[in-house]
Protein chains: 2
Amino acid sequence: MTDKTEGNRPKNGRGTPGRREANRIATEDTILHAAESVFAEAGFGGATMQMIADTAGLPKANLHYYFATKEELYRKVVERIFGIWLEAANAMDGAAGPAEGIGAYIDAKMEISRRHPNGSKVWASEVMHGAPVVQDYLETTLRDWTEGRARIIRRWIAEGRMAEVDPNHLLYMLWATTQHYADFGHQIEVLNHGPLSDADWEAAKASVKAMVLRGIGIAPGA
Amino acid sequence: MTDKTEGNRPKNGRGTPGRREANRIATEDTILHAAESVFAEAGFGGATMQMIADTAGLPKANLHYYFATKEELYRKVVERIFGIWLEAANAMDGAAGPAEGIGAYIDAKMEISRRHPNGSKVWASEVMHGAPVVQDYLETTLRDWTEGRARIIRRWIAEGRMAEVDPNHLLYMLWATTQHYADFGHQIEVLNHGPLSDADWEAAKASVKAMVLRGIGIAPGA
DNA sequence: AACCATGTTGACCGAATGGTCAGAACATGC
DNA sequence: GCATGTTCTGACCATTCGGTCAACATGGTT
């Protein structure tokens, strides 16, 4: 994992991160990735610090040097995912209309399901278990974000640019459908007789966009 | 739990179930319900036999009398859920057309999300973790069911009764959207500022049906 | 080179977990 | 009411878990 073969010298002692800090960040990242993977596969309760250590290729005690407790490590993993989730949220902003805004949002969320399936699973698991560590995020950030987008959707409806639908239920459908490709990826792979190819993913995106957009009163070709 | 206040006599010794068997079935059911609840809240790894025993109001050793291992108990819970899932599948059969068939299926699945949210969560968790105990169900029963319904949908499309959509992605959308109300029920309750009322559930059903049916080219009023 | 802060690690610990078991309590057939 | 198989349960056990710690290694600074 850590490269100790090459003889990289300390360089100067100013400005540059230094090997110390660079290694620390790299190790933290290694642990977080391993943790995300293990939490996704086994759940919080099923995951053990030993599994995460083995996946990261580090002794267990070293994990506790960077993250004091299993809960703290888990919290960092969930927070990182929430950040990625929020990035995609921007795709809906600054859109000229519902077709572009919602279309772009679906694309962004489908891409997240494809690139970060483990993160999506951890998030799903966290919410399913009552959001023990991100309850405050739900009540503040997520609630604000949702109400903001609902306002935009209502305006689009008022302007006659899309059908009259309940904005909340539309958002739930968007979340559910896009995240399904990550959370239930195993089931989909079984029904697909194998992993989804690039073409499969493009077809999935196109299908979802076509059905959702038509479902809110926007012609497919728009 | 078990009624020992009334003095119910053994009755005859033929045909009738007898107190013995009746109690056994009742106790098994109590345990299965408690297990479903605990597995849903804590996940398989996070659940403990002690939690399930406390929830069921029974000593832990008694659980092991009825279910030898935690895995066996979990398997029974998941199989029970799969059975309920299959019941709803029938709602799509014998329908005159896509509007009735898919509309009824959405209704049935939404009702399951409402009545059996814990079961839905256990199922979601099981699939998310790679279906360790129901892999064979996915490859046989679910695959057959899916291919059968896909054929029906393709026929409807060929008959010009609905828009051209990929049957598999339509089914994924149906599963994702309806199950979301159970699996992410906590998140929805936060955004709804409280549990969903009867009216809320009806509105949810209506919203989902309207968006999905319009999304596959069926007019809302049909 | 000497020093110190930052990392690293094997060995260890108390607590909790899944599971066992011998015997008590019970229902039932005779 | 006695014999017999079923159900129930407290006490117990081996293992595993999250977490600790003292000793050691490393990188940077003077």
Side-chain angles (χ1 to χ4, degrees), chain A residues 1-31 34-35 38-39 42-77, chain B residues 1-31 34-35 38-39 42-75:
Chain A
M1 289 300 156
T2 51
D3 46 0
K4 33 180 69 168
T5 51
E6 49 165 328
N8 43 5
R9 41 226 131 14
K11 291 276 179 74
N12 63 29
R14 193 81 67 80
T16 40
R19 201 161 67 191
R20 217 76 181 258
E21 182 156 357
N23 277 350
R24 202 192 65 227
I25 292 170
T27 306
E28 277 184 13
D29 205 60
T30 300
I31 295 172
V38 173
F39 283 136
F44 176 79
T48 71
M49 294 298 275
Q50 192 60 60
M51 286 186 205
I52 298 171
D54 291 347
T55 303
L58 295 169
K60 191 184 66 160
N62 206 355
L63 267 61
H64 280 100
Y65 176 76
Y66 285 96
F67 304 92
T69 66
K70 187 184 173 186
E71 276 82 3
E72 184 188 322
L73 176 53
Y74 175 73
R75 182 184 296 267
K76 289 282 164 53
V77 168
Chain B
M1 289 302 154
T2 51
D3 45 0
K4 33 180 67 167
T5 51
E6 50 165 328
N8 43 5
R9 39 229 134 7
K11 290 276 179 71
N12 62 28
R14 196 81 69 82
T16 40
R19 200 160 68 191
R20 218 78 182 249
E21 182 156 358
N23 278 349
R24 202 192 65 225
I25 293 170
T27 305
E28 276 184 11
D29 205 60
T30 299
I31 295 172
V38 173
F39 283 136
F44 176 80
T48 70
M49 293 300 274
Q50 191 61 59
M51 287 186 204
I52 297 171
D54 292 346
T55 302
L58 295 168
K60 192 184 65 157
N62 206 356
L63 267 62
H64 280 101
Y65 176 77
Y66 285 95
F67 303 94
T69 67
K70 188 184 172 186
E71 276 81 2
E72 183 187 322
L73 176 52
Y74 175 75
R75 182 184 296 269

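Chain letters run A, B, ... following the sequence lines, proteins first and then strands; every chain starts at 1.
Atoms CD (Glu28(A)) and C1' (dG7(C)) sit 12 Å apart, rounded to a whole Å. For the pair Phe67(B) CZ and dT7(D) P, the interatomic distance rounds to 13 Å; values are reported in whole Å. Residue Tyr66(A) contributes atom OH, which lies 12 Å from atom P of dT6(C) at whole-angstrom precision. Note: CG (Asn23(A)) to P (dT8(C)) measures 7 Å, nearest angstrom. Rounded to an integer number of Å, the gap from Ile31(A) CD1 to dT8(C) C1' is 11 Å.
Minimum heavy-atom separation, Val38(B) to Ala47(B): CG1-CB, 3.6 Å.
In this structure, OG1 on Thr55(A) lies 10.0 Å from CD on Gln50(A), to the nearest 0.5 angstrom. Taken to the nearest 0.5 Å, the CG atom of Leu63(B) stands 6.5 Å off from the CG atom of Leu58(B).
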The contact string for nucleotides 10-24 of chain D, one letter per nucleotide 5' to 3', using protein heavy atoms under 4.0 Å with B, S and - for base, sugar-phosphate only and none, comes out as B------SBBBB---
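Between Tyr74(A) and Phe39(A), the two ring planes are perpendicular [angle over 60°; tilted spans 30° to 60°].
Contact annotation: Arg24(A) side-chain N/O to dG7(C) OP1/OP2 distance is under 4.0 Å. The shortest distance between the side-chain N/O atoms of Tyr65(B) and the OP1/OP2 oxygens of dC8(D) is not below 4.0 Å.
A salt bridge does not link Arg75(A) to Glu71(A): none of the charged side-chain nitrogens sits closer than 4.0 Å to a carboxylate oxygen.
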